[in-house]
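We name chains A, B, ... by the order of the sequence lines, and we start the count at 1 in each one.
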Number of protein chains: 2
Amino acid sequence: MPKENYLPCLLQLFRQYGYDGATLSKIAEATGLGKASLYHHFPGGKEEMMISVLAYVEGWLGKNLLPSLQGNGNAQVKLQRMGDRLWELYEGGEQPCLFAILLSGSARDTFHAQVQRLFETWIAAIAAVLMAEGMEANVAKQQAEKAVILVQGSLILSQGLNDVQVFKRIISDLPTELLLNREQLSEYRTNRCY
Amino acid sequence: MPKENYLPCLLQLFRQYGYDGATLSKIAEATGLGKASLYHHFPGGKEEMMISVLAYVEGWLGKNLLPSLQGNGNAQVKLQRMGDRLWELYEGGEQPCLFAILLSGSARDTFHAQVQRLFETWIAAIAAVLMAEGMEANVAKQQAEKAVILVQGSLILSQGLNDVQVFKRIISDLPTELLLNREQLSEYRTNRCY
DNA sequence: GTCTATATTAAGATAGAC
DNA sequence: GTCTATCTTAATATAGAC
């Protein structure tokens, strides 16, 4: 079997146990391979496994998440499409985010630059959608950051409360949440009639 | 030295490295104690260390975070006070949340129930503040969850982007964010004059 | 309460047969 | 490409002196 077949399984393991918690024994058991076979596919050991998984996820983002924001339709439609892709990526809120996992533990320094770049790419893509809707650049960037914050935070709370409804609700509300920015709110306030 | 003196140091280590990444060697080095001395204070090893750290954090929450929501003042004031306490707890966004750390890795099952309880207590305290302001119970609970989501998500993004301004901004905006709920927004929309 | 020394187990990694 | 067997290192844990 080519090593690509094992990447989804490795992603699953790293998300569930983290980099330090995903031991070679667990990986061997989950993949059905012996430790030596794992080193045949990934001579650099666990670090190379994580590098491959990150490349796999980056490819998925490029093929699924970013295109969802770049096709036809207005911002509302695009953000809804992104929500659908996020639903798949995080399996309805059941799975933690690999990037969040990589922010602590012994792998922190090794992978931080790549994680940062992926966050920035994601934020820039959302901000572009909001700017195309006429939003000012700085506001769009802050709202895009808020989108990522809501996704990451809702994943944590869904898992903390054992209730994926939290993730579901945040994803559904995302278009409304982002398109109602603070300037519009002050406009609403100023023009209030009662 | 009594073991209580080592709890802040242990908290720091578990937040930085996670449960699996915080090895006894690192703990020994950071505390300045030998491994055997660590077992004198915590006969149950790392698991007992984490239990003690969780109790320490729970005590801090009870003495600092929850009172910030229960004193004098309106909701705006209370949420600002909570923001100040969160700023201390997370050291201006530099430190990850221990609860989020505990959601993955090999300690997941052991500590999940306690983490869930702490999240629920925090959410209930925020919701109570919002209800005292006249907010309907269900909306208040969802807004309280949103507060926790924003805090957790902004910590992740601050660390992912290496930019604590993200955390700072979210904390500052928290009162406005929570007190402008969806029903008020539809009110604004309905009453718009232009 | 802290140490040195040591035991035990598991994790990461490799050699070489098939 | 996968295996068994083995090696090395590190992690968890304990015994017993001071």
Chemist: Contact class for B/G32 vs. all strands (heavy atom < 4.0 Å): base, sugar-phosphate, or nothing?
Modeler: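 Sugar-phosphate: the residue B/G32, judged by heavy atoms under 4.0 Å, touches backbone atoms but no base.
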Chemist: Is the backbone N or O of A/K35 less than 3.5 Å from a side-chain atom of A/H40, with the two atoms forming a donor-acceptor pair by type?
Modeler: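 Not at all, since once roles are kept as given, no pair shorter than 3.5 Å links the two residues.
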Chemist: Looking only at atom types and distance, does a side-chain atom of B/E58 sit under 3.5 Å from a main-chain N or O of B/Q114, one as donor and one as acceptor?
Modeler: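 Side chain of B/E58 to backbone of B/Q114: no pair is present.
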Chemist: Once you measure the plane-to-plane angle for B/W87 and B/F167, does it fall in the parallel (<30°), tilted (30-60°) or perpendicular (>60°) bin?
Modeler: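 Because their plane-to-plane angle is under 30°, the rings of B/W87 and B/F167 count as parallel.
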Chemist: With sugar-phosphate meaning primed atoms plus P, OP1 and OP2, does B/S37 contact a base, only sugar-phosphate, or nothing at under 4.0 Å between heavy atoms?
Modeler: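 Since a base atom lies under 4.0 Å of B/S37, the category is base.
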Chemist: Quick one: is A/Y39 getting a side-chain N or O under 4.0 Å of the C/dT14 phosphate, OP1 or OP2?
Modeler: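 Looking at the OP1 and OP2 atoms of C/dT14, neither is under 4.0 Å from any side-chain N or O of A/Y39.
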Chemist: So where does chain A start and stop touching DNA chain D, 5' to 3', when the test is distance under 4.0 Å to a non-hydrogen atom?
Modeler: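 The footprint of chain A covers D/dG1 to D/dT4.
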Chemist: Under 4.5 Å between any side-chain heavy atoms of A/V166 and A/D163, yes or no?
Modeler: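 Of all side-chain heavy-atom pairs linking A/D163 with A/V166, at least one is under 4.5 Å.
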Chemist: Describe the nucleic acid contact of A/Y6 in one word from base, sugar-phosphate, nothing, applying a heavy-atom distance below 4.0 Å.
Modeler: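 Answer is sugar-phosphate: A/Y6 comes under 4.0 Å of backbone atoms only.
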Chemist: Under a 3.5 Å threshold, yes or no: a donor from one side chain and an acceptor from the other, between A/Q95 and A/Q12?
Modeler: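 A/Q12 and A/Q95 do have a side-chain donor-acceptor pair below 3.5 Å.
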Chemist: Between B/L86 and B/L65, which heavy-atom pair has the shortest distance, and what is it?
Modeler: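 Smallest interatomic distance, heavy atoms only, reads CD2-CD1, 3.6 Å.
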Chemist: Would you mind reading off the distance between B/K46 atom NZ and C/dA10 atom P, rounded to a whole angstrom?
Modeler: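 Atom NZ in B/K46 sits about 14 Å away from atom P in C/dA10.
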Chemist: Taking OP1 and OP2 of C/dG12, is either one under 4.0 Å from a side-chain nitrogen or oxygen of A/K35?
Modeler: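 The answer is no; no side-chain N or O of A/K35 sits under 4.0 Å from OP1 or OP2.
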Chemist: Go nucleotide by nucleotide along DNA chain C from the 5' end; which of A/A36 and A/L24 gets its closest nucleotide reached first?
Modeler: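 Comparing both residues, the 5'-ward one is A/L24.
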